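Single-structure report; data block below.
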Amino acid sequence: MDLRYCSGEAARRADTLSVIAFATLLVMAAIVWPAGTVAVTGVCVALATWATALFAPFSILVLLIAYVPFQTFADFALPPAGSIWMGALIRDALAGMLVLSWMLRRAAGLERNPWTRLPQLAVISYVSVMAVYIPFAASLAGAMISYRNLALYLLLLPASADFVNTKSRLRTVVAVVLGASVIVGLLGIAEVLTSQAVFGWLGYDIEALMGSDLPFTYLGFARATGGTGNPLEFGLHMAIAGIICMTYASSNCFNWRRGYLAVVLGVVLLALALTFARSAYLSLLVGILTVALLLRRGRFLVPLSVLVAVMVWLAQTPYGDMVGARVRVEDDPGITTADQRIEVWGQVLSRGSSLWSGSGLGTQGGATERSGATPLLHITDNYYALILLQVGWVPLVLFLCMLVALLIRHLRLAHSTGDPEIKAYAAICTAIVLMVAVNAGLSSALESRTISILVAILLGSALNLDHFLPQTGARNAQPSR
């Protein structure tokens with residue numbers, strides 16, 4: 001069945017089957033969770049998940065979105081399989097099943113949406129070129145981890161373009177993203193207010209899981225991480241959720257309660273402020289300006305007033321002065337890290353001709369633990385430098401071309417579509433591309449598996465939206481049923 005032109009009733013039936021499959025998986029997971037790794041039950045769950053990925057892939061996509069923000073909690077709750085964290089294994093299994101399902105369904109002709117567009121080709125080109133560097137790496141394990149972190153999750157982008165093929169599915173994706181975001185946002189706020197004691201109440205030892213070298217505190221105060229252990233990553237997550245909330249609240253084309261959106265917006269903005277992550281603050285500002293310019297709506301002042309209210313309230317607390325000093329780079333830690341970022345680029349560019357090929361996958365970033373390599377730079381705080389140091393200029397240029405292709409596609413969709421809902425979502429995706437581009441120059445948050453998966457799915461969900469909308473003209477006329 002060509003879902004581009006399926007009837008509303010057929011689309012509802014497909015979504016109902018997906019929800020049933022999703023609920024079945026949750027029940028089976030609830031059986032397995034307290035019992036630990038029971039082999040037979042685990043195999044049954046894996047087979048059921050794989051079957052669902054083949055025949056109802058949208059439900060696996062929803063499950064993945066709902067799961068990834070809480071993956072670190074699953075790591076701690078479930079017994080590891082040797083040196084592999086079980087929570088991370090479940091995440092990668094879901095993502096892998098989804099991508100493989102997409103490839104098989106494409107090969108079988110079940111997905112007919114056009115994918116030979118510039119963004120999809122740019123993604124596939126970048127992922128393919130990055131794979132070429134794996135055999136030349138000193139450590140295969142480190143290379144595979146680095147390849148996964150830098151490239152492999154991007155295949156979820158073209159997969160999402162096929163699986164999110166109705167407006168109801170798009171709304172489900174956004175609803176699940178916001179629902180998960182507000183939960184981890186509340187956890188982040190509680191983390192700061194209780195000095196991380198909330199994790200102890202939940203039986204979650206974040207430092208034992210993530211290590212003690214991450215910036216959990218700032219001038220003696222806890223920084224919000226939402227359980228991720230990384231305030232930069234968590235801050236970008238909250239900034240993206242904030243932009244989605246702001247756009248929805250300022251639009252009259254969504255069947256959402258603005259009171260609920262205002263509460264969600266307040267939570268994610270407060271959690272964002274408590275990360276003390278300047279890269280996330282700047283990303284939010286870029287997103288606000290992008291959506292405001294694209295939509296040109298005075299109603300955008302409503303969510304902006306929520307932002308102002310949060311900042312005014314925060315200014316009355318001990319955190320207010322620290323946030324202000326952090327933004328103005330007047331605090332000692334802020335000055336130090338700003339100098340470090342400038343110094344990093346000096347060290348990167350000083351490597352000269354060695355940047356053409358890099359030092360190999362797995363020699364920088366989070367993959368160094370598996371590869372055993374000594375990183376060229378202890379901290380990059382720069383995603384572009386992370387690619388450049390490992391694999392050189394060619395993949396970095398392809399990555400930049402991919403961002404440009406995504407930006408052009410979403411800008412064109414925002415300007416060309418007459419559907420107000422699609423226009424608003426295209427504006428959100430345009431903002432996300434620019435937010436990611438700016439953030440990548442200030443942090444390595446994009447190396448985060450949570451961020452990579454969420455960004456890929458959110459951006460991919462918009463690529464084929466105009467192909468199932470009613471079109472005019474003979475070329476795009478909707479077939480009769």
Side-chain angles (χ1 to χ4, degrees), residues 3 6 10-30 32-33 45-71 73-74 87-88 90-102 104-105 110-111 113 153-184 237 240-241 244-245 248 254-256 260 264 421 425 428-429 432 449-465 468:
L3 290 178
C6 64
R12 283 192 294 273
R13 284 200 303 268
D15 287 339
T16 300
L17 289 174
S18 292
V19 171
I20 292 173
F22 178 49
T24 303
L25 283 172
L26 288 180
V27 172
M28 296 181 74
V32 175
W33 197 277
V45 171
L47 291 174
T49 305
W50 174 232
T52 307
L54 280 175
F55 300 107
F58 179 69
S59 62
I60 301 300
L61 186 141
V62 171
L63 179 59
L64 181 62
I65 297 172
Y67 174 75
V68 288
F70 309 99
Q71 172 247 306
F73 293 94
I90 293 173
R91 175 203 64 213
D92 289 347
L94 290 173
M97 286 179 181
L98 199 61
V99 170
L100 187 56
S101 168
W102 167 68
L104 292 175
R105 290 171 66 86
L110 297 176
E111 305 293 345
N113 289 319
Y153 290 130
L154 288 173
L155 288 177
L156 290 169
L157 195 150
S160 300
D162 278 346
F163 298 150
V164 184
N165 50 19
T166 64
K167 282 188 180 181
S168 64
R169 290 187 173 185
L170 177 62
R171 292 166 187 156
T172 299
V173 166
V174 173
V176 174
V177 168
L178 291 183
S181 298
V182 74
I183 293 174
V184 293
H237 182 180
I240 291 173
I244 296 174
C245 277
Y248 272 43
F254 299 101
N255 187 24
W256 288 65
Y260 166 74
V264 174
E421 182 173 349
Y425 190 74
I428 290 172
C429 290
I432 291 175
R449 276 64 73 193
T450 299
I451 296 297
S452 297
I453 289 172
L454 290 180
V455 167
I457 291 175
L458 286 171
L459 294 182
S461 297
L463 290 183
N464 283 329
L465 289 182
F468 61 80

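Values reported hereafter were calculated over all heavy atoms of this structure, with side chains retained and with hydrogens, waters and symmetry mates removed. Everything quoted here is computed from the prediction, not taken from an experiment.
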Taken to the nearest 0.5 Å, the spacing of Leu98 CG from Ser59 OG works out to 9.0 Å

If you look at every heavy atom in Arg91 and Val68, which pair is closest and at what distance? CG-CG1, 3.8 Å

Spacing of Tyr67 atom OH and Leu94 atom CG [to the nearest 0.5 Å]: 7.5 Å

What's the separation between atom CD1 in Ile65 and atom CD1 in Ile453, rounded to the nearest 0.5 Å? 10.0 Å

Can you tell if the side chain of Leu64 reaches within under 4.5 Å of the side chain of Leu156, non-hydrogen atoms only? yes

Side-chain donor-acceptor contacts of residues 456-463 below 3.5 Å, not counting sequence neighbours, with atom names and distances?
| unit_1 | atom_1 | unit_2 | atom_2 | d |
| --- | --- | --- | --- | --- |
| Ser461 | OG | Ile457 | O | 2.6 |

For the residue pair Leu178 and Val182, establish whether any side-chain heavy-atom pair is separated by less than 4.5 Å. no

Give me the atom names and distance for the closest heavy-atom approach of Gln71 to Gly87. CG-O, 3.5 Å

Test item: Phe70 and Thr450 side chains (from C-beta on) under 4.5 Å apart, heavy atoms: no

So Trp102 and Pro57, do their side chains get closer than 4.5 Å, heavy atoms only? no

Given 3.5 Å as the limit, does a donor-acceptor pair link the side chain of Asp162 with the main chain of Ala159, or not? no

Taking the side chain as every heavy atom from C-beta outward, state whether Leu61 and Ser160 have any atom pair closer than 4.5 Å. yes

Nearest-0.5 Å distance, CG of residue Asn165 to CZ of residue Phe58: 8.5 Å

Exam field: side chain Tyr425 to backbone Arg171, donor-acceptor pair closer than 3.5 Å: no

Atom pair OH/CZ of Tyr153 and Arg449 - distance to nearest 0.5 Å: 6.5 Å

